Amino acid sequence: AAKERRGRALRYRPDLDERAAEDARLGAQLRIALDTGQLRLVYQPIVELPEGRTVAVETLVRWDHPELGEVGPATFIPFTERSGLIVELGAWVLRTACAQAQLWRTTLGGHAPQRISVNVSPRQLTEPGFADMVIATLAETGLPAGCLAVEVTETAVFTGGKAIDALHDLHRHGVRIALDDFGTGYSSLGLLQTVPVDILKVDKSFVDGIAVAGRESVIARALIGVSTGLGLTAVAEGVETAEQANELYRMGYRYAQGYYFGRPTAEPVFQVPVHAAA
Ligand code: C2E
Ligand code: CA
Ligand code: CA
Ligand code: CA
């Protein structure tokens, strides 16, 4: 059994040469993917409780690999961060998402989502000129700054002063700042004093067990308290059941996101409430 375990560990931990070779292969493939349009964006509704009306969407990237089919971002975003390709990929995501949001605004009017969220990785945030690039993209696409939120993780913000300066620049310009996966990083609460945060995205791990009144509900309740106390907007992530949605609403959450309300899709429907939480 020990030998089998060792074998498995080896299989799942390629040595550095293998890792480098795999990264090079992935890099070449992603380069082609970017240039030939194999990447596309999907949008997941962020809804207002209790009705479940879509008020915003989060942008998530997908890769239609010619042989492997759909590849999720968890498999290639970390690589793009290591290789630096995320800078170009991220700029493409931002431009495409802002153009899409502006198209919704012009075609759907009052039914359009009020805001679009775009994930920004640590590497992008510390790239010189990042804030200027975002502001230029808004100008090019015509999307008002207040219609855009950038989602950053606590880890990203922890990369230091340059990241925090970029967030202040964006915030001054009217772009909303969302702290993603909130509660899973380190020094979560301390960050709220140095970073101009508007939105706290409460991680799915605190939502998962919420309907069974355990430790998770204690934390979820504490986080809505912090959020309300500081005048921030809390969004509960990863809501999969009506019970969770109802419990979150009772706790004071007014915004939620998750498969229960809608999966990420290329063409979300905005006109009608998807589901209702009682
Ligand atoms: P995230 O920003 O925390 O995004 C939420 C992830 O949870 C998405 O996975 C979404 O599809 C999934 N999700 C939403 N609701 C539910 C639910 O009810 N249950 C479950 N089990 N999952 C749910 P996805 O699309 O695979 O993205 C994974 C991560 O990849 C994202 O986590 C984000 O960190 C990163 N990512 C995705 N797109 C981009 C991008 O354009 N740029 C950057 N830098 N990162 C991205
Ligand atoms: Ca996110
Ligand atoms: Ca998240
Ligand atoms: Ca996450």
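As the structure is a prediction and not an experimental result, all values here were calculated from the model. Start at 1 and go down the list; that is how both ligands and their atoms are numbered.
- Atoms of ligand 1 found under 4.0 Å from any heavy atom of Pro73 (numbered from 1 in listed order, with element): 24 (P), 25 (O), 26 (O), 27 (O), 28 (C), 30 (O), 36 (N), 37 (C).
- The atoms of ligand 1 that sit less than 4.0 Å from any heavy atom of Asp181 are 3 (O).
- Of all atoms in ligand 1, numbered sequentially from 1 with element shown, those under 4.0 Å from a heavy atom of Glu240 are 17 (C), 18 (O), 19 (N), 20 (C), 21 (N).
- Distances from the Ca ion (ligand 2) to each N, O or S atom of Glu58 single out OE2 as the nearest.
- Each of the following atoms of ligand 1 lies closer than 4.0 Å to a heavy atom of Gln44: 14 (C), 15 (N).
- Distances below 4.0 Å separate heavy atoms of Pro264 from the following atoms of ligand 1: 11 (O).
- Between the Ca ion (ligand 2) and the N, O or S atoms of Asp180, the shortest distance is to OD2.
- The Ca ion (ligand 3) does not have Asp203 among its coordinating residues (no N/O/S atom, backbone or side chain, under 3.0 Å).
- The only option from Lys201, Glu58, Glu151 that meets the side chain to side chain donor-acceptor pair (under 3.5 Å) definition with Ser117 turns out to be Glu151.
- Among the backbone and side-chain atoms of Asn119, an N, O or S atom lies under 3.0 Å from the Ca ion (ligand 2).
- Across every non-hydrogen atom of Leu138 and His173, the tightest pair is CD1-CD2, 4.5 Å.
- Ionic pairing of Glu81 and Arg123 is not present here: no N-O contact between side-chain nitrogen and carboxylate oxygen is shorter than 4.0 angstrom.
- Close contacts between ligand 1 and Val93 involve ligand atoms 41 (O) [criterion: under 4.0 Å to a heavy atom].
- Residue Gly238 places a heavy atom less than 4.0 Å from ligand 1.
- Nearest-heavy-atom check against atom 33 (C) of ligand 1 across Val150, Val120, Asn119 picks out Asn119.
- Nearest N/O/S atom of Asp181 with respect to the Ca ion (ligand 3) is recorded as OD1.
- For the pair Arg82 and Phe79, the cation-pi criterion (under 6.0 Å, within 45° of the ring axis) is not fulfilled.
- Under a hydrophobic-cluster definition in which Ile, Leu, Val, Met, Phe, Trp and Tyr are linked whenever side-chain heavy atoms come within less than 4.5 Å, directly or via other members, Ile199 and Ile224 are assigned to different clusters.
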Show your reasoning for whether salt bridge (charged side-chain N to carboxylate O under 4.0 Å, His left out) applies to Lys162 and Asp165.
CA-CA 5 Å; Lys162 264 206 280 184; Asp165 287 350; over 6 Å; no
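- Scanning all heavy atoms of the two residues, the minimum distance from Pro78 to Pro73 falls at CD-O, 3.6 Å.
- Considering every non-hydrogen atom in both Val57 and Ile46, the closest pair reads C-CD1, 4.2 Å.
- The Ca ion (ligand 3) has no N, O or S atom of Glu151 closer than 3.0 Å.
- The shortest N or O to N or O distance between Val61 and ligand 1 is below 3.5 Å.
- Geometrically, ligand 1 and Glu58 share a nitrogen or oxygen pair separated by less than 3.5 Å.
- Taking any N or O of Glu151, backbone or side chain, none lies under 3.5 Å from an N or O belonging to ligand 1.
- Using a 4.0 Å cut-off between heavy atoms, Leu41 makes no contact with ligand 1 at all.
- The N/O atoms of Tyr260, backbone and side chain alike, include none that comes under 3.5 Å of an N/O atom in ligand 1.
- Residues Ala220 and Met251 share a closest heavy-atom pair of CB-SD, 4.0 Å.
- Residue contacts with ligand 1 include Lys204, since one or more of its heavy atoms lies under 4.0 Å from the ligand.
- No more than 12 heavy-atom neighbours from other residues, nucleotides or ligands sit within 6.0 angstrom of CD on Gln193.
- Near Ser121, the atoms of ligand 1 lying under 4.0 angstrom from a non-hydrogen atom of the residue are 44 (N).
- Across Val93 and Leu41, no two heavy atoms sit closer than the pair O-CD1, 3.7 Å.
- Below 3.5 Å of separation, one finds no N or O of Gln257 facing any N or O of ligand 1.
- For atom 25 (O) of ligand 1, the choice among Arg263, Gln244, Glu81, Arg62 with the nearest heavy atom turns out to be Arg62.
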Could you go through the side-chain contact (heavy atoms from CB on, under 4.5 Å) check for Leu68 and Trp63 one step at a time?
CA-CA 10 Å; Leu68 302 175; Trp63 179 7; over 6 Å; no
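- Of the candidates Glu237, Arg263, Gln257, Gln257 is the only one forming a side chain to side chain donor-acceptor pair (under 3.5 Å) with Gln44.
- The CD atom of Glu51 lies 7.0 Å from the OH atom of Tyr249; values are rounded to the nearest 0.5 Å.
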